[in-house]
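In what follows, a structure is listed as structure tokens, so that the remarks can point back to it.
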Amino acid sequence: MEKNRRWWALVAVALGTFMTYLDNNVVNVALPSIQRELGLSISGLEWITSAYILVFAGLLLAGGRLGDVVGHRMAFLSGLGIFTVASVAAGLAGSQELLIGARAAQGIGAALLSPAALALIQEFFPDPKERGTAIGVWGAVGALALAIGPLTGGVLAEHVSWGWIFLINLPIGVATFALSMITMPRGNAPARTGNTLRRMDPFGLVTSSLALFALTYGLIEGDAKGWTSATILGSFAVAAVAAIAFVIQQGRTGDSMVNLAFFRLRMFTGGLLAMGLWAFGVFGIYFYMAIYLQNVLGFSPTEAGAGFVPLALITAVGAVLAPRFEARFGVARVTAFGLLVMGAAIGGIAQYGEGTHYLDLLPWFALYGVGGGLLIPLSNVVIGALPSERAGIASGMLNVSREVFGLLGVTVLGAILSNRAGAATGTELHRYLVGYQSALVVATILILVGVPLSLWMLRQAKPVERELVVPVLETV
């Protein structure tokens, strides 16, 4: 593949990722406007967000496997098309049911697009050094989406129409599709050996999707329905049974979705855990800091979105520079340092309560962005740890780690916040801040656990290339 052409292909992959990240972040600040115009119930409002997350997380492994079997280019373009059409349907929806259905369809498209995106980067950039740079650029574009998503959603919802938070995906999707067709070479699909349906591993697809659907549903609805309710306990039970069935079947199938020996690769498992802790911090802190900025500091939705822009911009810069640091100091040290900085920043933010000004928080936001950016290129370690024909499923597992740990960040910190606030005395604002600060302290501790974990599991990064070319991975 021509050098210039593959960098343009990277632009297409990054734009597709940018679109999915942007869409997921513009929605939250626009929810009040959507509720007013469509007359939504509280349950319906919650499912505008939940439908997307549920379907996306539930189908990530299936999407990754599909890309490995039929080709990552086809999976990427299919996901891009579905996501773009569903975005238009969401923007034009005139009822709760249509909007929720469109959001679920967006989740299907994203579950195909996201694993294929990272797998395509591995195809386009076989050289590890170039691939690290490419993933840094890709991660920076994702961070920019995190930066402008809430701000864009607030501006469109306040000054234009909530429908445009979805309709803006149409020009982005069309441009990305056209650029992909021009720059991505055809014929990247793997050789068709054996029965395609068998290679898809139908039992593995069903059990993995069921386990992820049930787990994600339980995490999303646990607080509202009660963590000990029959519905939530039943959901977690279904997730456990489906996961056990999946693991047993994967150990007995020659061409399984997930060869269990993958987890013997220290770099692969350590990378998944480190990225999970990153997501725990990013998802959880973004969510509760947005509430803090509005409810405590009195920011409008647009101002709250703008408040995260410096943090996300620094994250983007860190993502671009991180591969250079990894080449010099090793992935273990850079990852551990990134988690250490993130933990320190969250601990610093936890010091502030009432009477705080945004400028008091800004240095900690900047520090948090530095740490978060250093971990984004860790994706290269996870994808590169497996054989190239498994890049799709590796990317799918990486995305599952992010989504599940991210949901845990929101739910675990939310449960701590509610528990500590309920036990505190004083005004409602004071009780909330007690719970909020307690949740941040717990987040700090959990993220700092990743420091020694990364130093141990990700040590000696250079042997990744030798692990990458292992021809046979024995099953457990």
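The residues of the chain are indexed from 1 along the displayed sequence. Computed from heavy atoms alone, side chains included, the values below leave out hydrogens, waters and symmetry copies.
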Using the side-chain contact (heavy atoms from CB on, under 4.5 Å) rule, pick out the option among V400, D68, L118 that qualifies with S395. L118
With a 3.5 Å distance limit and no angle check, can you tell me whether S235 reaches the backbone of T231 through a side-chain donor-acceptor pair? no
Do the rings of Y52 and F56 sit parallel, tilted or perpendicular, given the 30° and 60° boundaries? parallel
Please evaluate residues R333 and E326 with respect to the criterion salt bridge (Lys or Arg N to Asp or Glu O under 4.0 Å), reporting the C-alpha separation (whole Å), side-chain torsions for both, the decisive distance (0.1 Å), and the verdict. CA-CA 8 Å; R333 292 177 181 175; E326 289 180 359; over 6 Å; no
Between M19 and L80, is there a side-chain heavy-atom distance shorter than 4.5 Å? yes
Determine yes or no for a side-chain-to-main-chain donor-acceptor pair under 3.5 angstrom, with T216 supplying the side chain and F213 the backbone. no
Closest approach of H72 and A116, non-hydrogen atoms and distance? O-CB, 3.5 Å
Sidechain-backbone polar pair: R103 side chain, A51 backbone, donor-acceptor under 3.5 Å: no
Within the distance-only criterion (no hydrogens, no angle test), does the side chain of T84 pair as donor or acceptor with the backbone N or O of G81 below 3.5 angstrom? no
Atom pair CE/CZ of M184 and R5 - distance to nearest 0.5 Å: 10.5 Å
Using modelled atom types and a 3.5 Å cut-off, is there a donor and acceptor pairing between side-chain atoms of R402 and backbone atoms of G276? no
Counting heavy atoms not belonging to F365, are there more than 12 under 6.0 Å from its CZ? yes
Heavy-atom side-chain proximity of L277 to L273 below 4.5 angstrom: no
Interatomic distance, R264 atom CZ to T269 atom OG1 [nearest 0.5 angstrom]: 11.0 Å
Please determine whether side chain to side chain contact (heavy atoms under 4.5 Å, CB included) holds for the pair M457 and M267, giving the CA-CA distance in whole Å, both sets of side-chain angles, and the decisive distance to 0.1 Å. CA-CA 6 Å; M457 298 197 73; M267 301 297 289; over 6 Å; no
Begin from the C-alpha positions of I447 and W278 and carry the test side chain to side chain contact (heavy atoms under 4.5 Å, CB included) through to its verdict. CA-CA 7 Å; I447 290 175; W278 175 88; over 6 Å; no
In Å, rounded to the nearest 0.5 Å, how long is the span from CG of L113 to OG1 of T176? 8.5 Å
Distance (rounded to the nearest 0.5 Å) between L179 CG and L15 CG: 7.0 Å
Between S114 and T17, is there a side-chain heavy-atom distance shorter than 4.5 Å? no
Nearest 0.5 angstrom please: I172 CD1 to F83 CZ, how far? 9.5 Å
Is a side-chain donor or acceptor of R131 paired with a backbone partner of Q122 at a separation under 3.5 angstrom? no
Under 3.5 Å, is there a donor-acceptor pair linking the side chains of S87 and Q106? yes
Contacts of F76 that satisfy ring pair (Phe, Tyr, Trp, His ring centres under 6.0 Å) - sequence neighbours left out: none
If you define the side chain from C-beta out and look only at heavy atoms, does anything of F125 sit under 4.5 Å from L120? no
Residue set satisfying ring pair (Phe, Tyr, Trp, His ring centres under 6.0 Å) with Y368, at least two apart, ordered chain then number -> none
Could you check if a side-chain atom of T133 sits within less than 4.5 angstrom of a side-chain atom of W7, using non-hydrogen atoms only? yes
Checking S401 side chain against M397 main chain: does a donor-acceptor pair fall under 3.5 Å? no
What is the minimum heavy-atom distance between A243 and A211, and which atoms define it? N-CB, 3.8 Å
Full working for side chain to side chain contact (heavy atoms under 4.5 Å, CB included) between S209 and L61: CA-CA 7 Å; S209 298; L61 285 184; over 6 Å; no
Search all heavy atoms of L413 against all heavy atoms of A443 and return the closest pair with its distance. CD2-CB, 3.9 Å
Measure from the ring center of W138 to the ring center of F18 and say whether it is less than 6.0 Å. no
Side chain to side chain, T335 and L374, heavy atoms closer than 4.5 Å: no
I need the minimum non-hydrogen distance between S454 and L339, along with the two atoms involved. OG-CD1, 3.5 Å
Any non-hydrogen side-chain atom of V238 less than 4.5 Å from a side-chain atom of Y217? no
Does R73 form a side chain to side chain contact (heavy atoms under 4.5 Å, CB included) with M181? I'd like the steps, not just the answer. CA-CA 9 Å; R73 179 180 184 272; M181 294 296 291; 3.7 Å; yes
How about V451 and F337: do any of their side-chain heavy atoms sit closer than 4.5 Å? no
For the CZ atom of F203 and the CG atom of L205, what is their distance to the nearest 0.5 Å? 11.0 Å
Between T207 and A245, which heavy-atom pair has the shortest distance, and what is it? CG2-CB, 4.3 Å
Compare every heavy atom of P115 with every heavy atom of G64, then report the nearest pair and how far apart it is. CA-CB, 3.7 Å
